[in-house]
Undergrad: 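Mind having a look at this structure? Questions to follow.
In each ligand, atom 1 is the first atom listed, and ligand 1 is the first ligand listed. One is the number of the first residue; the rest follow in order along the sequence. All of these numbers come straight from a predicted model, not from anything done at the bench.
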Amino acid sequence: MLAEAAVKTKMTRYIFISGGVISGLGKGVATASIAFLLKSAGFKVNIVKIDMYLNIDAGTMNPLEHGEVFVASDGLETDHDLGNYERFLGRRLGRKNYLTAGQLYQRILEKERALKYDGICVEAYHEVPRETIKFLRRAAKNSDFLLVELGGTVGEYQNVLFFEAARRLKIKQPNNVFFIHLVYLMTPSFLGEMKTKPAQQSIFELNRLGISPDFLVCRGEKLPDKRRIKKLALAAALDREFIFSAPDTSPVYRVPLILQEQGFLAEFFKKVDRPVKKPTLLAHRQELVKWQRLIKKIDSASKEVRIAICGKYYLSGNFSLKDAYVSVVESLKIAAWHQGINPEIVWVDAEKVEKEGPEKFLRSVAGVIVPGGFGGRGVEGKIEVIRWVRENKIPYLGLCYGMQLAAVEFARNVAGLKKAHSTEINPQTPYPVIHIMPDQEKKLLSRQYGATMRLGNWPCRLKKGSLTRKAYQKSLIYERHRHRYEFNNQYRKKLKKAGLVISGVTPDFALVEIIELPKSVHPFFVATQFHPEFTTRFLSPNPLFLAFVKAAGKYSVK
Ligand code: GLN
């Protein structure tokens, strides 16, 4: 009996997080916040996001619909929630942390073709939950807690088998599986009263799937009052102490503190028994203290700096959506907050610049970012923006496409190569300063689009004395990539002669990874082939973003 108890307590606890009423509730932030709290209490925590899409990964999803494609260090193109997890948890995640329905069906169908099912009728009802549980068990290895975010909203047809996987895991390990359900409490303006019925219905929907929530987290504009909590407690058959609130707040990094103010960990451990091992608390507590300090610093930041982000993935029907750039925005904000600066982000639509010119949009900004992108729409607008910041000596940070277009702009307007371009946009350009990587061309010709770009971590050597080297304080860095085109080496000499600094190359010198302008001609002009925005964490911003914001801060003082 004793031995059995010991085994049981050592096992990973699975915490499933689901959402009801509406999508876009902030399940990712809630999951990341709870993971951070458990980590700060000294436990080993891992997270899995399950997406119900048939895409194998997020690389083939439209950023306007699904938001940013977050690139993990192992090259996985994933959901932007993994970006939240990394920023909160402060560590790298990857393939073990992201599961889509597409991946599962691919695995099951490959097995079916190989006769691995011994000729039975293969039923999704059995195989999808079985494969899901296998995936989760792998991710759970060596962790005290595995948090599993169930994508979508309870009651959707598409994710029902993932809820079934969770239910079956609970049957197998009743003492180690728990459910946190997020609900939205709306206050319709025509009523002026907070309504709980949709949230109650989402709880009943969860019950219909054979799951009873162990905890509720209430989302909404405001905190629910006692009356509303009582109704929810009755619907969920829960004591009130297991119902928490996470009202809208800014920044999202405040959420762990808001939960903890309600005694989250103490209540959580009333239901979930701790794994036997005594956690080493001190280092983790220090992290919580650092977190609290940074939130205080944000609240008291007085200096404002206006930074423009010039892109094109903004309009979705009648609404504009900035989720396509979430890591860029978070990196910028975090880098600013660490320096006691409040950033004001100005969105500049590249297509509007093409019609109206850059000056109108950039007159009062202290720094400009051109982030990653694909295709020809808005490209000339972005190039005009880069020309404007170069000529007016406004701090500039170019990310991936923003680096490629900076090279094009420099070639055209400084090196005199008039019709220079990237062959992605103009394959006939007389000066292809950006061209496709040879192995990439083959992939495109054979229509292999999924997960075939140059992806994930690559090493880069930094030039002594460069702005980038000064920012990183290191000679060798690893940053994440996602592109098919690159700087054409045939133009290295010519552009260098015209004054461009190549400040980062692959260790074999084969690929140009960073370009900049010397400090003598521009205060801060740095553009990278990689995406530094993917390595910012709340407690440790990426060094290039720090350096860029610092330069923008100085510029706005002038
Ligand atoms: N479209 C460019 C390429 O494929 C840049 C990609 C990006 O910005 N992520 O190389």
Undergrad: Check ligand 1 against the protein and report each N/O to N/O distance under 3.5 Å, formatted as atom name, atom name, distance.
TA:
unit_1	atom_1	unit_2	atom_2	d
ligand 1	1 (N)	G373	O	2.9
ligand 1	1 (N)	E424	OE1	2.7
ligand 1	1 (N)	E424	OE2	3.2
ligand 1	4 (O)	R484	N	3.1
ligand 1	8 (O)	G373	N	2.9
ligand 1	8 (O)	G373	O	3.4
ligand 1	8 (O)	Y401	N	3.1
ligand 1	9 (N)	R482	O	2.9
ligand 1	9 (N)	H531	NE2	3.3
ligand 1	10 (O)	Q404	NE2	3.1
ligand 1	10 (O)	R484	N	3.1
ligand 1	10 (O)	Y485	N	2.9

Undergrad: Is the side chain of N489 donor-acceptor paired with the backbone N or O of A510 at a distance under 3.5 Å, no angle test?
TA: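 Between the backbone of A510 and the side chain of N489 there is a qualifying donor-acceptor contact (under 3.5 Å).
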Undergrad: Quick one: does any side-chain atom of D51 pair with a main-chain N or O of Y53 as donor and acceptor, under 3.5 Å?
TA: no
Undergrad: Look at the side chain of H522 and the backbone N and O of I394, then say whether any donor-acceptor pair between them is shorter than 3.5 Å.
TA: yes
Undergrad: From the options T536, I307, V305, select the one residue that forms a side chain to side chain contact (heavy atoms under 4.5 Å, CB included) with L332.
TA: I307
Undergrad: Between F538 and F88 (judged by ring centroids, cut-off 6.0 Å), do the two rings come close enough to count as a pair?
TA: no
Undergrad: Quick one: does NZ or CZ of R390 land under 6.0 Å from the six-membered ring centre of W388, within 45 degrees of the ring axis?
TA: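 No, a cation-pi geometry is absent between R390 and W388.
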